[in-house]
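Only a predicted model underlies this, so the values are computations on that prediction, with no experimental measurement involved. Residue numbers begin at 1 in each chain, while the letters A, B, ... track the order of the sequences.
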There are 2 protein chains.
Amino acid sequence: MELSATAKVILGMLAARPRSGYEIKQLVDQSARFFWAASYGQIYPELKRLEQAGLVTGSEASQGARPRTIYKLAPAGKRAAREWIEQAPRTLELRDEGLLGLFFAGSINPARTPEIARERAAIAREKAAELRAIEAMVDGAAENGGPEAKPDSGSRAVLRYGIESSEWAAEWFERAAEDLERETSGARGAPRGR
Amino acid sequence: MELSATAKVILGMLAARPRSGYEIKQLVDQSARFFWAASYGQIYPELKRLEQAGLVTGSEASQGARPRTIYKLAPAGKRAAREWIEQAPRTLELRDEGLLGLFFAGSINPARTPEIARERAAIAREKAAELRAIEAMVDGAAENGGPEAKPDSGSRAVLRYGIESSEWAAEWFERAAEDLERETSGARGAPRGR
DNA sequence: ATCAGCATGTAAATGGTTACATGATTAT
DNA sequence: ATAATCATGTAACCATTTACATGCTGAT
């Protein structure tokens, strides 16, 4: 059975413990949003599909009149999750409009190129700061919080990856801005540069 | 006027010089494919939309019986491209199934986590090598090639970014694999064994 | 009483990929 | 002759976002 991307996120989220669709959305937004996104419009229908396919089982857990369904992995779902993890990941598809801008800046508006690189640096710095805040929150929760609080080593590693790669990118773009500035101001009729 | 993502790529590609839809697709695949993708199903319809909106103008350039249309930027298209470049880029949305796997590996199959990190490292190394090959090709073409060959500083910078960030990622994942291995083997009643 | 947040869902629109369809030209 | 590559396009499908719709519960 071919799992959709959303199905993989759901199975992954349910592997740790049973959750409602709402909880899954919150978790994706909080912990995985720097490399993955999912909307209600995907999560709720996919949960139903997965239930029909026998990969998850939902149980009613309404609180008073507020409806609530908590899903957990069925044995087939556990198998499917393991299989997915086992497979070699296909090559990464990246989509970055910022890089696209930098890529074309030279032919559209050369003078702006260094500035665009600087903007990218600022965005990367902001992202790093944001992720650092999440890390601090998670670490704080792990210290005083219940056993629910501590994330596993894989997700901690991914968070670290987000922080460190953003910092690396910020430095890289800053350096690139300087190089591009030198090229622009220096040469003139000699566009070959370098 | 709101430009679609595909429209931005097209305007960017036409900024350097006029091209056919086919050429745009080839160029995207060759030079931008590590951070952007576009299919014929997007490019051809979008070219027509852009022509109707007056941002590009197509001229027939058939060779014998083989049909061919070459598009170039109209003045309005130049303005639109400049505007887009001028705007601050929105925050980056990333989608990485490999990171997703690592993220969940801890709860789905902890013993495999280090190995998954190693696989990621291998993929990053491959990507770096691939991009290095492109760089060598581009540099070679610039030396002996015609005036068509040399890419502008922005796209050279983006290529360098692809190479260096992939190399950084490869090292990071290798280190992460070692850390995760130490964690796994060290602590725990480690019941599952492997 | 009011508001923030919990909780579920659907419909419409948009964006994007894949597969199909056609045929010409160039190199082997 | 045949294969590769040039060249254009459409249709069907799948993924994703956004907006809408509804109502409950807990805190202030």
Side-chain angles (χ1 to χ4, degrees), chain A residues 1-10 13-14 18-30 32-33 35-53 56 58-71 90-97 100, chain B residues 1-10 13-14 18-30 32-33 35-53 56 58-71 90-97 100:
Chain A
M1 188 204 183
E2 260 316 294
L3 295 175
S4 73
T6 306
K8 288 167 192 171
V9 186
I10 291 175
M13 284 290 176
L14 295 184
R19 304 177 201 268
S20 69
Y22 187 83
E23 262 182 291
I24 291 171
K25 165 70 171 153
Q26 304 310 304
L27 269 167
V28 170
D29 283 351
Q30 281 157 32
R33 84 174 174 302
F35 70 96
W36 204 271
S39 64
Y40 289 125
Q42 291 170 270
I43 290 171
Y44 284 117
E46 188 67 36
L47 275 169
K48 288 193 174 162
R49 253 173 272 139
L50 287 174
E51 191 173 22
Q52 283 198 319
V56 306
S59 52
E60 213 231 295
S62 305
Q63 292 165 326
R66 180 192 285 172
R68 199 152 169 261
T69 313
I70 289 185
Y71 293 88
R90 61 211 73 207
T91 50
L92 147 76
E93 280 308 310
L94 198 56
R95 218 138 229 278
D96 188 335
E97 205 177 312
L100 198 66
Chain B
M1 189 202 184
E2 259 317 295
L3 296 175
S4 73
T6 305
K8 289 167 191 171
V9 186
I10 292 176
M13 284 292 176
L14 296 184
R19 305 176 201 269
S20 68
Y22 188 82
E23 262 182 291
I24 290 173
K25 165 71 171 155
Q26 304 311 305
L27 269 167
V28 170
D29 283 351
Q30 282 157 31
R33 84 173 175 302
F35 70 97
W36 203 272
S39 62
Y40 290 126
Q42 290 170 268
I43 290 171
Y44 286 117
E46 187 67 35
L47 274 169
K48 291 197 170 159
R49 254 173 269 137
L50 288 173
E51 191 174 22
Q52 283 199 321
V56 306
S59 52
E60 214 231 295
S62 304
Q63 292 165 323
R66 181 193 285 174
R68 199 152 167 259
T69 312
I70 288 184
Y71 294 89
R90 61 211 74 206
T91 50
L92 146 75
E93 282 306 312
L94 197 57
R95 217 137 230 279
D96 187 337
E97 204 177 314
L100 199 66

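Counting non-hydrogen atoms under 4.0 angstrom, B:Ser62 reaches nothing in the nucleic acid. As judged by a 4.0 angstrom heavy-atom cut-off over every strand, B:Ser20 is placed among residues touching the sugar-phosphate backbone only.
With sequence neighbours left out, the ring pair (Phe, Tyr, Trp, His ring centres under 6.0 Å) criterion links B:Tyr22 to no other residue.
To the nearest 0.5 Å, atoms CD1 (B:Ile24) and CG (B:Leu14) are separated by 4.5 Å. Atom CZ of residue A:Arg95 and atom CG of residue B:Leu94 lie 12.5 Å apart, to the nearest 0.5 angstrom.
A:Gln42 and A:Thr6 share a donor-acceptor pair across their side chains, judged by distance under 3.5 Å alone.
Between B:Gln30 atom CD and D:dT5 atom P there is a gap of 12 Å when expressed in whole angstrom units. Regarding B:Gln26, its CD atom lies at a distance of 10 Å from the P atom of D:dT8, rounded to whole Å. Look at CD on B:Glu46: it is 8 Å from P on C:dG15, rounded to the nearest Å.
Using a 4.0 Å cut-off, no side-chain N or O of B:Lys25 falls inside it from OP1 or OP2 of D:dA7. Put simply, B:Tyr22 has no side-chain N or O that comes within less than 4.0 Å of OP1 or OP2 on D:dT8.
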Stepwise, does the side chain to side chain contact (heavy atoms under 4.5 Å, CB included) test hold for A:Arg68 with A:Glu23?
CA-CA 11 Å; A:Arg68 199 152 169 261; A:Glu23 262 182 291; 3.9 Å; yes
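Using a 4.0 Å cut-off between charged nitrogen and carboxylate oxygen, A:Glu46 and A:Arg49 count as a salt-bridge pair.
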In the 5'-to-3' direction, what one-character label does each nucleotide of nucleotides 14-28 of chain D receive under the scheme B = base within less than 4.0 Å of a protein heavy atom, S = sugar-phosphate only, - = no such atom?
--SBB-----BS---
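Over its length, the helix from C:dA1-D:dT28 to C:dT28-D:dA1 turns its helix axis by 30°, as judged from the five terminal pairs at each end, rounded to 10°.
Between the A:Lys25 side chain and the A:Ser39 main chain, no donor and acceptor come within less than 3.5 Å of each other.
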